[in-house]
Structure formats: C-alpha cells, structure tokens
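The block underneath contains the structure these notes are about, expressed in structure tokens.
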2 protein chains.
Amino acid sequence: MKSEDFDGIMAGLTDAVAYAKGDAMRGRIVAGPDVKAIRQATKLTQGAFAKAYRIPVGTVRDWEQNRRQPDAPARVLLSLIKADPAAIQSLLDKA
Amino acid sequence: MKSEDFDGIMAGLTDAVAYAKGDAMRGRIVAGPDVKAIRQATKLTQGAFAKAYRIPVGTVRDWEQNRRQPDAPARVLLSLIKADPAAIQSLLDKA
DNA sequence: GCTGATTTACGGCATTGCCGTATAGTCGCA
DNA sequence: TGCGACTATACGGCAATGCCGTAAATCAGC
C-alpha cells in the first residue's frame, strides 16, 4: 500500500469520527464529486489542472477544500474529465 | 435568405442601436458563447438540451436570454458541446 | 380560432464563482 | 540546518450566477 492510500484512509477516519461526534466541520460525509480524486487521477497540480481545463484555480481550490459545491454545469464538466481526461483535453485544445 | 436570418439581423441592428445610444439594456455587444446557437446546432429544444447535458432548464434559459453569463466551468462545458455534441453525449451516457 | 409545445421575461434568494492573501507542508540544495 | 520554490490548505468577502417558479408571448398543427 502506498503512502497516499494512508492519507485517504486517515481522511475517511477523520470524517467518521466527526460524523460520530455530530460534527460536520470537516465536510459532508456523502457529497458531490471528489474533485481532488479526479484531479489526482490526471496527475496534475491544482494549477496545471486549472489551466488544462480552463477553470480558475481559486475555483478548483474551493471545490477540493469543500468550501463550495460545484454547481450542475461544473459537475457535468467534472464527470466528463473523470470519464476521459485525455479526450476532453484534446477537444479543448482544438477548440 | 431564410426568415431566421432576418431575426438575427434585426437582433444585431437592435444591439447596434442600443450600443449607439450607450444603452446596454439588451445585452453585451461582443459577449460570451452564443448558447442558443450551440443548442440549435444540436436541434434540441431547451428542455431536451437541458436533459441531454444534465443542466437545469432554468439555467439554460437564463443563458439564452442573456440574463446570466455562463461562468468559467460552464463555458468550458459549452465549448465542448459545441466542438462535438455527439461525443459529449455518449461520454455522459456512459458515465 | 383554439390548443399544446416552446420560448421569453422577471422576481427573488441561497449559493457559488472568483480573487486575494496568509499559513503550513514538502523537497532539493547550498 | 536553513533558504527558496512549489503545492496545498484556510478563510474573508463581494459581485454574480445558479436555480426555481410563474406569467405572458410566440409558434406549429388541427
């Protein structure tokens, strides 16, 4: 198991504990798309991801920190990126 | 020339007049994506378009009426749809 | 002329988009 | 060990959008 996996598990545990305490502080337990996971799947930094898909960095940050929930159109875009990151990128470059 | 063309020309003229009068009422002269055009290229109604691409109808309406400017993530989605409507749809169905 | 479907037009509130900046963690290097 | 560069987290804050609802207008077919 890789070290990132551990981080993921810890995050999950932290959420579980927060949930048990009735403390929603860290974020919604069951929520929208996991932007961080989608981005990490592309192996890009927040900055690179933002540029690649033409989204303001600040917005990506808000999503990853669960400060803001991506709205409907944004969720569609994210699911497209998740489904086929490369295809979306090339489509974007050509456009 | 088709009748729709006339409508387009009229809209253009109306904008030009508004612009000359310094009256921005009707909308930005040079503006964001022409959502209506993008949708019509798919030959779908607002309702069908909304469902197909998982965007709330109300949002599509606001865009077409120039009441709201699609934000950055939405613009990306729209340009993807414009670039390859079919590809995006199938990607969405599979997701 | 009437009817159903599509679109336009608006009111309105909660929520997000987006920017800026300060703090913290990581890594390689002198 | 300490510095600089890079990446990510945290958060303040305002303008603007997302999204819903509904009434009026326009359109297509009977």
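Because the structure is a prediction, the values reported are computed rather than measured. Chain A is the first sequence line, chain B the second, and so forth, proteins listed ahead of strands; every chain is numbered from 1.
Whole-Å rounding puts the A:R68 CZ to D:dC14 P distance at 13 Å. Rounded to whole angstrom, the span from the CG atom of A:D71 across to the P atom of D:dA16 amounts to 17 Å.
The CD1 atom of A:I81 sits 5.0 Å away from atom CD1 of A:I55, with the distance rounded to the nearest 0.5 Å. Here OG of B:S79 is found 8.5 Å from CG of A:L91. Values are rounded to the nearest 0.5 Å.
Among residue pairs with one or both ends in residues 65-77 of chain A, those qualifying as salt bridge (Lys or Arg N to Asp or Glu O under 4.0 Å) are A:D62-A:R67; sequence neighbours excluded. Listed by first then second residue, pairs satisfying ring-ring contact (aromatic ring centres under 6.0 Å, His included) with a partner in residues 32-61 of chain B read B:F49-B:Y53, not counting sequence neighbours. The ring-ring contact (aromatic ring centres under 6.0 Å, His included) pairs that include a residue from residues 60-95 of chain A number zero, where partners must be two or more places apart or lie in different chains.
Contacts with DNA chain D (heavy atom under 4.0 Å) in residues 52-64 of chain B: B:P56, B:T59, B:R61, B:D62, B:W63, listed by number. Using a 4.0 Å cutoff on non-hydrogen atoms, no part of residues 37-51 of chain A comes near DNA chain C.
Partners of B:A48 according to the side-chain contact (heavy atoms from CB on, under 4.5 Å) rule, which considers only residues two or more places apart in sequence or in another chain, are B:L44, B:T45. The side-chain hydrogen bond (donor to acceptor under 3.5 Å, both in side chains) check on A:E64 picks up A:R39, A:Q46, with sequence neighbours excluded. Partners of A:A87 according to the side-chain contact (heavy atoms from CB on, under 4.5 Å) rule, which considers only residues two or more places apart in sequence or in another chain, are A:D84. With sequence neighbours left out, A:R54 forms a salt bridge (charged side-chain N to carboxylate O under 4.0 Å, His left out) with no residue at all.
Inter-residue side-chain proximity for A:P33 and A:P70 is flagged as met; some heavy-atom pair is nearer than 4.5 Å.
The residue from B:V76, B:L80, B:L77 that alone fulfils the side chain to side chain contact (heavy atoms under 4.5 Å, CB included) condition with A:I88 is B:L80.
In the hydrophobic clustering of ILVMFWY residues, with side-chain heavy atoms under 4.5 Å counting as a link, A:V57 and A:L92 come out apart.
Comparing B:R67 and B:R75, the nucleotide of DNA chain C nearest to each residue sits closer to the 5' end for B:R67.
Heavy atoms only, all atoms of each residue included: A:T42 and A:P85 are closest at CG2-CB, 4.1 Å.
Here chain A contacts DNA chain C (any atom closer than 4.0 Å to a heavy atom, that is under 4.0 Å), and the contacts span C:dT16 to C:dT21 from 5' to 3'.
At D:dT9, one or more side-chain N or O atoms of A:K36 fall inside 4.0 Å of OP1 or OP2 (strictly under the cut-off).
Rounded to 10°, the angle separating the first-five-pair axis and the last-five-pair axis of the helix from C:dG1-D:dC30 to C:dA30-D:dT1 equals 50°.
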